[in-house]
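We name chains A, B, ... by the order of the sequence lines, and we start the count at 1 in each one.
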Amino acid sequence: MSKPAIPRGTRDFSPEQMRRRNYIFDTIRSVFARYGFEQIETPTMENLSTLEGKYGEEGDKLMYRILNSGRVLDKIKEVGPNVKISDLTEKGLRYDLTVPFARFVVMNQNDIAFPFRRYQIQPVWRADNPQKGRYREFYQCDADVIGSDSLLNEVDLLSIIVDVFKLLNVGFKIKLNNRKILAGIAEVIGAPEKIIDITVAIDKLDKIGLDKVKEELRSKDLSDAAILKLEPIILLSGSNEQKLATLSDVLKSSEIGLKGIEETRSILSSFALLFPQADHVEVDITLARGLNYYTGAIIEVKANDPRSKFTSSICGGGRYDDLTGIFGLPNVSGVGISFGADRIYDVLEEAGGFPDFSTVSTRLLFVNFGEQEAAYCLNLARTMRNDGVFTEVYPDSAKMKKQMTYADKKKIPFVALVGSNEMTSGMISVKNMTSGEQHQVPAGELSSFIKNHNS
RNA sequence: GUGAUUGUAGCUCAGUCGGUUAGAGCGCUAGAUUGUGGAUCUAGAGGUCGCGGGUUCGAGCCCCGUCUUUCACCCCA
């Protein structure tokens, strides 16, 4: 037998880690609910026809495929070299929550009240190379509104982001872009198919400098004239309004580009009414995520906490005008965001930002002195639990030292010693494990004693 | 997917030029202490040196493969 192991990029979670993870999930869940979002779940696996082609070439490569049940090898032998992938696999693990949601909406369109606000907190799988903050199995926490074009939805989502990170007390920065602005840029320089190349190159400005960016654009077959037009965009800076002003000048001939600017202004001004002093949102035209389906706003949140070096993306999202179209329900617009719980965990961990959860586990342990005593304690424990005190009775009449050590390790703050003396007198000996003090407490007052003594 | 990097006790890590029986700290178990945890002392258990192959009289150490760790690119939460 070799040593047991888990697959690359996956993790076990200890009780302590789960307390912290649930804190994150519960916080996000409560904010979603507060905004009227309702929870759904979808299956771990989907048909490949649902998943494939939705995430671009890269996404298809990173998708986990499930071998058909039955004898795949026999199939290969039977069909020979002409065997098709679809003979071997027709299901895959979900790669994100948005595409399964779109499928869900199409399948349940007659039962859904639009605009539909749904949230979904489930793991997704990607066959990516693991690194810090990058896992092969991780949770996404999605909130989407589908069936409404209103930009107020974008504003809702932005304010959800602010609420979540305020509650978690994580420093953050929201980046906002608009696919229509990117389309406008491509239109103005006459190279619509080059949007991705352009944004990727511009994004490197801080790292490699203006000249190298131009060089890279040239290597992507952009004309010198186009690069000259792009220059004010590459060097875009200042306040959000200054950036948008520069953009509207460059994009004045592009209807779609101007539409994108108008949308962004509208979102920003509504947001500013809600958070007058806040500077959470920054317009950033290098944000080019999800270009395969985003059509309007593009949102990304980066960790920006002085206590943590983590600066990667902890939340992302955007608007897709026609996501359900590919499943046969055209012209339904959606907008959504997705929190990366695992990365938020990493940031909070590094920042030391988790609250103390010691009071959510066992508060009282009954030491087991033997059969009769244990039976008596079991009854007392039942009362304690009914009174809301998290209680355990040590299951074996092991040595005191062992039972005390157990309480110590589990950080159980109170230990009750109930032997024959206590059983006859009805006075329970309660030891405070932090101070070491011991008190005699009437059995009937035990729960109030525990509740009134914080330890 | 490309290029680096890591792996020795439960954990963190030593291990010289390739040379006898692979070590330490912490943790664990037992005792000192039969109704009292943490501190101290004593004793003890615990190893396929990631795995498989190769070179060598001899491999934890060198070579190849593989898995794993971390990192960069790419992409992303």
Worksheet item: At under 4.0 Å between heavy atoms, what does A:Gly316 touch on the DNA or RNA strands: base, sugar-phosphate, or nothing?
Response: sugar-phosphate
Worksheet item: What integer number of Å spans the P atoms of B:U33 and B:U69?
Response: 49 Å
Worksheet item: Taking atom C1' in both B:U21 and B:G31, what distance in whole Å separates the two?
Response: 28 Å
Response to the item:
Considering only heavy side-chain atoms of A:Arg8, the closest of B:U36, B:C76, B:U69 is B:U69
Discussion item. Suppose we screen for ring pair (Phe, Tyr, Trp, His ring centres under 6.0 Å). Which residues come up paired with A:Tyr55, at least two apart in sequence or across chains?
Written reply: A:Tyr95
Worksheet item: Base, sugar-phosphate, or nothing: which does A:Tyr135 touch, judged by heavy atoms less than 4.0 Å apart?
Response: base
Worksheet item: Between the base of B:U36 and the side chain of A:Lys431, is there any donor-acceptor pair under 3.5 Å?
Response: yes
Discussion item. Under 3.5 Å, is there any donor-acceptor pair linking the side chain of A:Arg343 to the base of B:C76?
Written reply: yes
Discussion item. By nearest atom, which of the nucleotides B:C71, B:G1, B:G38 is closest to the A:Asn129 side chain?
Written reply: B:G1
Discussion item. Which nucleotide wins on minimum distance to the side chain of A:Met400, given the candidates B:G35, B:G1, B:C71?
Written reply: B:G35
Practice prompt. Between B:U36, B:C74, B:G37, spot the one nearest the side chain of A:Gln438, thanks.
Written response: B:U36
Discussion item. Ignoring hydrogens and geometry beyond distance, is the side chain of A:Lys409 in donor-acceptor contact with the base of B:G37 at under 3.5 Å?
Written reply: no
Discussion item. Applying a 4.0 Å non-hydrogen cut-off, can you work out what A:Gly436 is touching in the nucleic acid: base, sugar-phosphate, or nothing?
Written reply: base
Worksheet entry | Rounded distance in Å between the P positions of B:C13 and B:G7 | 10 Å
Worksheet item: Sequence neighbours excluded, which residues qualify as side-chain hydrogen bond (donor to acceptor under 3.5 Å, both in side chains) partners of A:Arg319?
Response: A:Glu154, A:Ser333
Worksheet item: Within a strict 4.5 Å, meaning less than it, do heavy atoms of the A:Ile161 and A:Leu157 side chains meet?
Response: no
Worksheet, complete the sentence: Read 5' to 3' with Watson-Crick or G-U pairs under 3.5 Å, [ ] for crossing pairs and | for partners on another strand, RNA chain B gives ((((..(..((((.....[...)))).(((((.......))))).....(((((..]....))))))..))))....
Worksheet item: For the residue pair A:Tyr406 and A:Tyr394, is the inter-centroid distance of their aromatic rings smaller than 6.0 Å?
Response: yes
Discussion item. What contact category does A:Ile314 fall into here, base, sugar-phosphate, or nothing, at under 4.0 angstrom with non-hydrogen atoms?
Written reply: sugar-phosphate
Worksheet item: Does A:Gln403 make a side-chain donor-acceptor contact with the base of B:U36, cut-off 3.5 Å?
Response: no
Worksheet item: How is A:Gly133 classified with respect to the nucleic acid when contacts are heavy atoms under 4.0 Å: base, sugar-phosphate, or nothing?
Response: base
Worksheet item: Of the nucleotides B:A72, B:G37, B:G35, which has the atom closest to the A:Gln131 side chain?
Response: B:A72
Discussion item. Pairing donors with acceptors under 3.5 angstrom, does anything connect the side chains of A:Arg118 and A:Gln120?
Written reply: yes
Worksheet entry | Exercise: do A:Arg8 and A:Asn129 side chains pair donor with acceptor under 3.5 Å | yes
Worksheet item: So what does A:Cys315 touch, heavy atoms closer than 4.0 Å: a base, only the sugar-phosphate, or nothing?
Response: sugar-phosphate
Worksheet item: Salt bridge between A:Glu263 and A:Lys180, side-chain N to carboxylate O under 4.0 Å?
Response: yes
Worksheet entry | Residue-phosphate contact under 4.0 Å: A:Arg126 side-chain N/O, B:C76 OP1/OP2 | no
Worksheet item: In terms of the nearest nucleotide of RNA chain B, which residue is placed more toward the 5' end: A:Gly340 or A:Ser429?
Response: A:Ser429
Practice prompt. Between A:Pro7 and A:Asp342, name the one whose nearest nucleotide on RNA chain B is closer to the 5' end.
Written response: A:Pro7
Worksheet entry | Side-chain N or O of A:Lys399 closer than 4.0 Å to phosphate OP1/OP2 of B:G35 | no
Worksheet item: Under 6.0 Å from the six-membered ring centre of A:Phe37 and within 45° of its axis: does the NZ or CZ of A:Arg117 meet both?
Response: yes
Fill in: Side-chain-base donor-acceptor pair under 3.5 Å for A:Glu422 and B:G35
yes
Worksheet item: Given the C1' atoms of B:G27 and B:U70, what is the spacing between them in whole Å?
Response: 26 Å
